[in-house]
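Data block below; observations after.
For clarity, every value in this text was computed on a predicted model and none was experimentally measured. By convention in this document, chain letters (A, B, ...) are assigned in the order of the sequence lines, proteins followed by strands, and residues within each chain are numbered from 1.
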Amino acid sequence: MFEQMQNWYDKRHAYAKEWKKNHPGGKVLGCFCTYVPEELVYAAGVLPVRLLGSHEPQSVTEPHIFGMYCPFCRDVLAQGLQKRYDYLDGITISQSCLHIRQAYTSWQMHVPTGFSYYLPMPNCVQSPHALSYLKGEFLAFKNALEKWTGNEITDEKLRQATELVNTNRRLMRQVYDLRKQDNPPMTGLEAMYMVVSSQMTDKNDHSKLLEKILKELPGRKMDRQTGARLMIIGSEDDDTAFIKMVESVGATLVVDDHCTGTRQFWNETELKGDVLTSIAKRYIDRPACPSKDWPERRRLPHILKLAKDFNAKGAIIIQQKFCDPHELDIPAIIKDLKKNGIPSLFLEFDVTVPIGPFRTRVEAFLEMIGQDDLF
Amino acid sequence: MAGAKYPTEQLKCWNKAKEIRENYYKNYAQAHDKGGLRWAGGAWSLGAIPAGLGDDVYPITGEPYGASIAFNKEFSIRCMEAAESKGYARDLCSYMRSYWGSIILNEYAFGGPFPKPDFMWQDHICCSHAKWYQVASELEGGVPVFCIDAAAGPYDEVTENRINYLVNQMHDGIAWLEKTTGRKYSDEKLIEAVHNECDATSTWAEICALNKAVPAPLEEKSMYALYVLGTLMKHSKIVADFYRELLDEVKDRVKRGIAAVPNERCRVMSDTQPPWGFLKIFRYMERFGCVSIGSLYTFGLIGVWEVKPDGTWGPRTTPRQKGLKIENRDQALRILADWNLSKPEWQHFYSPKLKSEMMIRIAKEWKLDGILLHYNRGCEGLSLGIAENRLALQKAGYPVMTFEGNMGDEREFDEARTTARIDSFMETLGLKKLE
Amino acid sequence: MITAGIDLGSKTIKVVVMKDGKIIGKAIGLSGFDQREAAEGIFDQALKMAKVSRADIQSIMATGTGRKEVLAKGPISATGEVTEVTADAKGAVYFHPKARTVIDVGAEEGRGIKCDATGRVVDFATNEKCAAGAGTFTEAMARALEVKLEEFGKLSQQSTKTIPMNAQCTVFAESEVVTLVHANTPKADIARSVHDAIANRITSMLRRVGIEEEVVLIGGVAKNPGFVDALKRNLNMNITPLEEMDIAGATGAAIIAGEK
Amino acid sequence: MAKEYWRWPEYRMTVGEKDWKSGKIITAGIDVGSVSSKTAIMVDGELYAFSLMRTGSNSPDSAQKTLNWALETTGIAQKDLHYIVGTGYGRINIPFANKAITEIACHARGANYVWGNTVRTVLDMGGQDCKAIKCDEKGKVTAFLMNDKCAAGTGRGMEVFSDLLAVPIEEVGELSFKVETEPQPVSSTCVVFAKSEALGLLRQGWPKEKVLAAYCSAMAHRVVTLLEKVGVEKDFVVTGGISKNVGVLKRVEKELKTTALPRNAKYDPQLAGAMGAALFAKALVEKERK
């Protein structure tokens, strides 16, 4: 049922090239972060694709990024340096963490594309002034997109694009809702393919497939046991090998807090009054990346609510090695979950994860939260 | 064999610098005894703003405090391990971990228990800044925090929209300070502090510019001890006055041909913060007749610069020098925002290109033979883009040596290997040890 | 002019005696715990082969991590010292004049050197902390797989399979190897994976200095054909393991002794 | 071939006194670790026989060998075993095991058996990993932490050191106390760095015992950091191969300011995982028979 999505994910480059063939004159924009307003990009007639790594060891980034920065940002840059995204017409990043910003700046210098744009997304999204600031920056971004594509971005086009993106978000939430069932009709791996592929395909295609899936999904019978219901929390995560391993040892992932997951699509843009302001508000209010979750810790109640709504019995907390923003949240998250009766397991991710040692940790965690009958 | 001999002299204002620093940490600890207030925040925080609360408001800035801890290896390890045992990752900013450790252990590096601040006043440009005090506040049991998001650069692309974002937050900050401390805010004191900051940071740039002279009147190890005053309270009259005094002395040294290193025959600069516990590597280089004339770090963290009419880099003209009279709060805040956004050490957050350009400029104008880059595991913010800086400097024709370490965590610095690397680098520069 | 170069490595000591640019004597031996004593013996061996006496040597240059030991007073008094980086480049270009990139991988350290036609160092990189221990790692892995170290490289050449392995930390990579062992992975595949992981780290380091042809390989790991293959694969270019890989540094030192 | 100082003795024993044939439940726990493989044979939840040997380069073989050796001379045949639980790194690849359970659960369960139900904290120091485990009065895990990268390879690291210094591995611990004053720990527990640091120290003229003391205390310190993160509650016990190294063990106790329960003379602490596995096997048989 989700094979097509896996296919999109596995063959992301083929998809984008095909898209360009079918959209003469259409441009593809590589995005380094999910704070890039997809609404604006679609309104310009451009396909945004999230730039992700390939989970393969590489040796090309060492001259460009010092090894203490997160493996994800190096893996992403490696894709560019190895010319795997040679079809991109432009790249953009919205301000989030410094790690990924290096992948962007090095890409800009060494894999030049026609267009590159740094969008200064405010870090203090909790400030009352963040909205008007971001609106101003969205306006500048809109102007840059217009200049680049030659397409005027009218309010009408922005509304249509918002509807397109919102629909996709809404459909994914409907799929997620089904994971609340006692025996979810899908695996966490499938959910991962769904959300990640939505970041690299045309929302028209993706939503169409989602509608089809939503018709069949409620009645789907799984030929596996649900086992322990787990939540997964952390940074970027498209480590399918890891997810597969977790779900093969007696667990099902039922919900996540990842930017390759719920953080990207959880809330919709509510069109009220000025269109750009409405869109800006959506990005200010979305579930925050830890780099923007201050001075108040708003991620904590959000994560807890997800855990409760989806009836998670435990949480796996993952973090890209060296990821400072997540490292600065994790002790608070572990403490908060524990206080609320949800045990957690912390793991540090690299480009390739050592499946063996991690399997031991995950299995031991599952034994810890279950297997009472052996005592 | 040995290079030209230059006369050397100890800096006259050395003791004064030491005294200012000692008083600073003492005043912070004793603030309450005098009915004053204590605040904690980063070395980059806009300290001129809380200065408007009165003259008895004493700060402690986290980075130099973390560096102070690094000089005491035993305490430093205990602090970092205390933070680690609370679950904070070992690869986080080492200043931050030391600072937290000092809170957790409740030990102040200058004696006694750690003095709890009345409020926290921070700004945010690297991923750790705001979170540093978010956690510190939690560890202190909930000290109020205000943090200004200053990540609105780079300076050459600053727009009204971006300045407004900063200034609006600053206005909110003043309202917050009044509410949090119950004190009445003085715009006059704010205006004075803004002037002081502009004066101090411009003067420091002027001092650094004097190091273009051959022989260099200052070497980097001394500069660390001097620039640090700016990281403590760049907005204070004490520091502005001290830098003026220092400027005069350094001018005099240049005039009289006084050198920092008697056998200067090779000029280098370093970058990012050094491993504080191992400043002796600079002394080691001097044995080859190699002087480190500074770094973009010492020049640009406290110094504020501009391109002069002749195309060279010099101190930025201050509002006072321009004859500008600051009339009101909003104007003061706008000047402060603009001044800070132009800080050299804030530019590389947006692109390593900007930093490379500045470094190449220094290499040319300060007549360098080579550059040492400290790949600093302790500071994500300043190591940002360092590998690209290396490529750019090499492309511009400057030999570069890199070494890995950590400004505040000695467990990540390998002295023997670094010395070995310096030996090789000196050989590539054609230098032998002077006996 | 007769000069000598002495290379005091962590595992072995190498001595080369040269006369007017030609090698007339050489000797290699283990460092042991007392490097100075070992150095004396090896030095004498080289002199014997060169048929010269200590008095005939006009200049001695020491290199290698233990060079300070020799410089400190002792029967062999070196005229000067030079780092491995400088000596390696000089020696490599002496043996292989077209060499522009020199890779030296030993038990604990690896380095990449870019040099010009005269053997002068243009740029160099040594491995960072967490990418150390290529030699140590191979030894430990050979033991875990119950394969003799000498055969470990050859074994890897029997495999054509690529198993990605975390390239950074050797110690942690070891637990990945253990996992592979327990998952019934053929030994040859594991061996190849180990060699690929090391080659990947060395390549990473080399890319920092920028790789110029021709590339020559010296140091202990160069003797391992599995490693040479993995490195070729990773760099996608030809690499020449120097036949005189052991004495490149000592030769470089002997040449430099003549220059001073 | 040079002497292999790292090689520790392999051995087996039959400890059961009554006739195994009178037992109702006969189980085996097989712990195939990264460095050593262990089998515990239990009769009605009492240790009957065991073996301890080096893990080979093939885990089904290692499992079979250690099982065969444990059964040797007992008269018990493999088919007499009602249930076999595998644990350790190789647990996923023991074809004849009925079930696999992690070494974390098994060590906690085994420690509960060896030292009794007052055990709350178990430190397992194995060949590749270190684990700090907290458990309840039944021996069920309530929390655990495993070492991070920089402290991996504990047991293997000790082997590297014993080889480097030419000290038989069983003597490392005792020898490390033959110093007048305790030296500063080596700065790293990373096997690679510790080894090069140690070489440097030897060349500076440090005697072997001093180098060993510095390494043992570095390792102890690292382990204590791990333990402190979980929080040590009494009773505290240490299992795994390194637990036999008093050089590390005593330094752990000293730094923690807590003593571990003394080694139970009846049981080799390296067998705790295998015993835990055999006990789980018994519980699983009982569950099936219900």
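Side-chain contact between C/P164 and A/E56 is absent, with no heavy-atom pair separated by less than 4.5 Å.
The structure places CG of C/L235 at 7.0 Å from OG of A/S59, a figure rounded to the nearest 0.5 Å.
For C/E151, the CD atom sits in a packed shell: over 12 heavy atoms of surrounding residues, nucleotides or ligands are nearer than 6.0 Å. Heavy atoms from other residues, nucleotides or ligands lying under 6.0 Å from CG of A/D373 number more than 12. In A/K335, the NZ atom is not crowded: 12 or fewer heavy atoms of neighbouring residues, nucleotides or ligands sit closer than 6.0 Å.
Closest of all the heavy-atom pairs between C/M205 and A/E62 is N-CG, 4.3 Å. Considering all non-hydrogen atoms of both residues, C/T179 and A/P357 come closest at OG1-CD, 3.6 Å.
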